[in-house]
Structures are given as structure tokens and as C-alpha cells.
Participant: 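My questions all concern the structure below.
Throughout, residue positions are numbered sequentially from 1 according to the sequence presented.
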Amino acid sequence: MESRRLGLVLRFRTVQEGLHDPDNLKTKGSSMKLTEFARPSHTTAFWNWLTGLPHPERRFVGTAFLFLAIGAIALSFSAFASDTAAPAKIAPSLASETAFGGSSEALIVFSEQADLSAADNLPTKLEKGRYVYNALRAVAERTQAPMRKMLQDRGIPYQSFFGVNMIKVNASRDLLYELAGHSEVQRIDANPKVRSSIPSPNLTSPSTNGSQTTSQLKGGVEWNVAQVHAPQVWALGFHGEGMVIANADTGVQWDHIALKSHYRGWNGTSVNHNYNWHDATSDHSPTPIDPQFHGTFTMSEMVGDDGLGNQVGVAPGAKWIACRNMDRHGVGSPAQYIECFDFLLAPYPVGHPELANPAFAPDVINNSWDCPVSEGCSLTTLQAIENAVTAAGIFQSMAAGNYGPNCSTVNTTPAIYPSGVGVGATDSYNSIARFSSRGPVTVDSSHRLKPELVAPGYNIRAAIAYLNMYQGYWQGTSMASPHVAAGVALLWQAKPSLSGKIAATTTQLTKTALPLTSTQSCSSFSGSSIPNAVFGYGLLDILKAVQAQ
């Protein structure tokens, strides 16, 4: 009978004997230190008790202990697997920056993102916006609650987002590993400081009137505004009235003569920045500012008209609001970009995000900025918020980038995403600008067509944030994208049935564009075909878009 003892009991005898004779274990090749064998009493007592039991009881107790041991091993393997999976969730740049005791800003992205598919079936833009906002907030509040409480209890500052279900925190490596170990966390992205490829301000040749050497038609309409046939749409009675255009950029000089009367926060006698302005940079300015000039320039391309002959905007009847996502040096971060999108999905009074209201959301957002992988941006960080903006019925125009002339140089977010229309840049002869990025998109292996459209983006004159001045010779896809954004404002005023319908609006724009071909072919996109990877479907023609059925 004794020879049929459970293997577990025999193993305990071996261990028990070894505990009484450390040299015995050493002869068996153990590398354990002698001091580790100084605690045999509880094991010896257990052995004496177990071997003193009648055989049936010994088998029952031994079996029970075996199951407990297996459970403990399973738990330890589970913990080991969690510890192994945690590093894989952390962006390599974060792991590097925190390797030697430092800390870094991190974006804790949760696995669960809101399902917004039902918004597509809602009939109006307002209904879509409310649904999307409520769905995003509900998921964020529920899934983030435990982690928020943990951070609050430890006194760790954090910032919560809902457009992307994520939390920003300044974390050490230990905290990163701990947060990555949470099953509800999908990944932890870096939050790098990103210098966007936007033109730098230049005060060498500003002008206060139309004397700039850029060509103008009689009446002060800039050549680029005429090139997309905006004046003909105005003649039909559509200037963008009732539409709201937003800029996510370096800010806006709200009281510039070309912009003041078009600001939604100005009623003709007083100004109110609530629901109309947000500064996501570290400045947190309560009033609209633009020390970099870029945002003022692009905004004036959309709505600018001072009534004195400087007609620089495509949709001068529209109102504007803005969010500042880049500082005076043109530097932003993924968190700042997402914070601006959160604001534009549901604007709120200055300093009071708890009062956000999607009814104040814009119709169109212009994105004349990028977030390059070379600057540390992830290709996926902004994807969820871009999808959310589209689901809310807000049209997005996106600068294709200034990395041409080679193929597949549309390679930065948000331009690569299908949620917005990518816009390349042309000159006054409808030739592609050398710097304009070409498609298709290969950086994410999608081989997606980009850009879809082109618009004037070379030798452009518009307002700058310096007194009430204007400046010419600006160039970039940053200058091209505002034409499409403002064109949509004209289109939606003329065809209200398209409002909030992003796919249908995109089709209306692409099918009416002026076809342009190229000698440059990229991948499967022949330059002699329409669409191609240089011009997309062609040059924006807002008149044809308004007139076509």
C-alpha cells in the first residue's frame, strides 16, 4: 500500500528530505543558496500530518492539494502572459524614452470604441451629430471609469477624451507597464510634439490693399477663387449663408477685417467666443489668436471678404469657428489634434467642456496640417476620431501633403484616411505643383486613391494675422484644401439634401471635377486615366457641382 502513495506525496517527501539536508540538494545540482532552506518546520508538519492519515484520506487531501497547485500554476502563467503582452502594447518610442527612469506623455487607447454605424441611417446632420456624441461619451464614461479612479486616487493628473476612447497621462515606465496590463487597454501610443509641414510666416511683403503682384480679376476676386468658379455660384445666390466652416489650425485673428463680420461669435456690436473658439495648445487662450499666421490665411481663403475689394474667400456668406491645434511654431501633438476634434464635434463655452452641445458643430472642417510618422505619429491614433467626425455628418477637407513629386507621398495622417477628401495643389495653369504629394497610399498597405481632388495652391494671396494685412506668394496643399471645404459650404446651401451626407457629397464633387491627366503613372493608376494618383478626379469645379443632378 505504501508503494502506491500519490506522486505528490512522494515529491513532498523529496523536498522535505532536502530541506533537512541542504547538501543532499546541492549534490542534485541545485543552485539554491543555503539560506533558502532555513524554513522547514511548516512543511515538515504538513508531511507528518499527511503521512499519518489513513490511505483514503491521504488520497483525498493529496488530490485536493494537487488541484490547488494546478490552479496556482495557471494563475502564475496567466500573470506571466499578461506581463508578456503588456510591453507589446506600448509604443517603442515610449519604452525608449522611459527606459532610464524618465517619463513621457502617453495615450492610453481603450479596446472598446463606440459603434457609430447607426448614425448613417439618421436623416439629418443634427440627428447624426447628437447620436455620435452621445454614443462616444457613453462608451468613454463607462470604460474609462476604473482607470480614472485609480489615477485620481494616486494623484496622477490625466486628460480624458471621447472622440478616441483614450486617456492622456504623463507616465513612468512602471506606470506604462501597469496600465498596459489592463485587459481593457488596446495599446499605448506616444504623444510626440509634431512640426507640421505648413508654410512659415513671412512679413517681408504684406499689403493692406490689392496692390500685391498676385493677379486679380476686376472687383478684387483672387485668381484662385475664380479658378474653381465660385463667383458664378455667387451669381446664383449662393455665398454659403447658413453654413458654418471650422478650421483646425494655428488659430485665427478673429478681428481681421476680412474675417470679423464672418465670425459666428460676432453679432455686429459685441463678441462672444463661447461655442466658437477653443485653444488646445498650452497657451489656452480664451480669445482667438494666431501668432503663426497660417490659420488666419487658410480661414480667409474660405470666408474672407472685407467689403473693400479683397475677395479672397470662396464662401464669403458662411460663418466660421475655430480650434487651435498648433502653436506659434506650427507644432502640435496627437492629443491636441484630437482635443480639437472633440471640441468641433460638440463645441462648448470657453473652459467648460461639460456644457458641450453638438448642435453647435460646424458643417465642414478644413485640415491643413499633418501628423507624420517621421515625427513619431502612429498611423492609427487619429483614425477613430476621423471616422467619428464623418459619422456625425461633418465634411472634412484634408491637405494631401507637401512631399511630392514622387509616387505614394500621400503618407501622413489624416490625409491618408478615407474619411475625408484629400486635396492636391495646382497653379494658375492647372499644372500640378511639384511639392504636391502623389498617391496611392501605400504606407498602410491600402493602395487607396489619394488625392481625390486638386485645387489652387500655388502663389495664393489671402489675409495674415498682422494688423489687417494680406500677403501673396503662399504655396502648399494647405492653401489648396480650403477651396474644397468652402466649396462644400456653397454646395450644401444650394443642395440642402446633401447636407450631412459625406459619401454623396464626395461623389458630387468628384464626378463634376475638371478632368486632368499626367505623364506620371503611379502603381495601378495610369496618369492618362481618370482618376489618377496625381490629380485624382481633377480640379474642383464648384459651379458644375451645384448645377449637376
Participant: Are side-chain N/O atoms of Gln159 and Glu339 paired as donor and acceptor at under 3.5 Å?
Facilitator: yes
Participant: Can you list the residues that meet the side-chain hydrogen bond (donor to acceptor under 3.5 Å, both in side chains) rule with Asp327, with sequence neighbours excluded?
Facilitator: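 For Asp327, no residue satisfies side-chain hydrogen bond (donor to acceptor under 3.5 Å, both in side chains) once neighbours in sequence are set aside.
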Participant: Partners of Phe525 by ring-ring contact (aromatic ring centres under 6.0 Å, His included), sequence neighbours excluded?
Facilitator: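 Here no residue qualifies.
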Participant: Residues two or more places apart in sequence or in another chain: which of them pass side chain to side chain contact (heavy atoms under 4.5 Å, CB included) with Asn272?
Facilitator: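 Testing Asn272 for side chain to side chain contact (heavy atoms under 4.5 Å, CB included), a comparison that skips the adjacent residues, returns Asn274.
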Participant: With Phe435, which residues qualify under ring-ring contact (aromatic ring centres under 6.0 Å, His included), at least two apart?
Facilitator: none
Participant: Any luck finding a side-chain donor-acceptor pair between His447 and Ser524 under 3.5 Å?
Facilitator: no
Participant: For His273 together with Tyr263, are the ring centres under 6.0 Å from each other?
Facilitator: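 Aromatic pair counts; centres sit under 6.0 Å.
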Participant: If a pair satisfies salt bridge (charged side-chain N to carboxylate O under 4.0 Å, His left out) and one of its residues is in residues 113-140, list it, with sequence neighbours excluded.
Facilitator: Arg137-Glu141
Participant: Taking atom types as modelled, find out whether Thr477 and Ser436 have a side-chain donor-acceptor pair closer than 3.5 angstrom.
Facilitator: no
Participant: Can you pull the ring pair (Phe, Tyr, Trp, His ring centres under 6.0 Å) pairs that have at least one residue in residues 338-360, sequence neighbours excluded?
Facilitator: Tyr275-Phe360, His278-Phe343, His278-Tyr348, Phe343-Tyr348
Participant: Looking at Val441, is its backbone amide N or carbonyl O close enough to the side chain of Ser408 to form a donor-acceptor pair, meaning the two atoms are under 3.5 Å apart?
Facilitator: no
Participant: Only distances under 3.5 Å count here; give the side-chain donor-acceptor pairs of residues 314-325 to other protein atoms, sequence neighbours excluded, each with its distance to 0.1 Å.
Facilitator:
| from | atom 1 | to | atom 2 | distance (Å) |
| --- | --- | --- | --- | --- |
| Lys319 | NZ | Ser261 | O | 3.0 |
| Trp320 | NE1 | Leu259 | O | 3.0 |
| Arg324 | NE | Thr250 | O | 3.3 |
| Arg324 | NE | Met326 | O | 3.3 |
| Arg324 | NH1 | Asp279 | OD2 | 3.1 |
| Arg324 | NH1 | Thr281 | OG1 | 3.2 |
| Arg324 | NH1 | Asp283 | OD2 | 2.9 |
| Arg324 | NH2 | Asp283 | OD2 | 3.4 |
| Asn325 | OD1 | Asp249 | N | 3.4 |

Participant: Quick one: do the Gln152 and Tyr158 side chains pair a donor with an acceptor below 3.5 Å?
Facilitator: yes
Participant: As a quick check of understanding, evaluate side chain to side chain donor-acceptor pair (under 3.5 Å) for Thr298 and Ser368, giving each step before the final call.
Facilitator: CA-CA 8 Å; Thr298 57; Ser368 288; 5.1 Å; no
Participant: Among residues at least two apart in sequence or on other chains, which ones pass side chain to side chain contact (heavy atoms under 4.5 Å, CB included) with Asn411?
Facilitator: Tyr403, Val443
Participant: Going by salt bridge (charged side-chain N to carboxylate O under 4.0 Å, His left out), name the pairs with one or both residues in residues 151-160, residues two or more places apart or in two chains.
Facilitator: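 Those involving residues 151-160 are Lys149-Asp153, Arg154-Glu178.
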Participant: Under the ring-ring contact (aromatic ring centres under 6.0 Å, His included) test, which residues partner Tyr337, sequence neighbours left out?
Facilitator: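 Applying ring-ring contact (aromatic ring centres under 6.0 Å, His included) to Tyr337 gives Trp369.
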Participant: Of all residues at least two apart in sequence or in a different chain, which pass the side chain to side chain contact (heavy atoms under 4.5 Å, CB included) check with Glu375?
Facilitator: Val194, Arg195, Pro372
Participant: For Ala415, what residues pass the side chain to side chain contact (heavy atoms under 4.5 Å, CB included) criterion, not counting sequence neighbours?
Facilitator: Val410
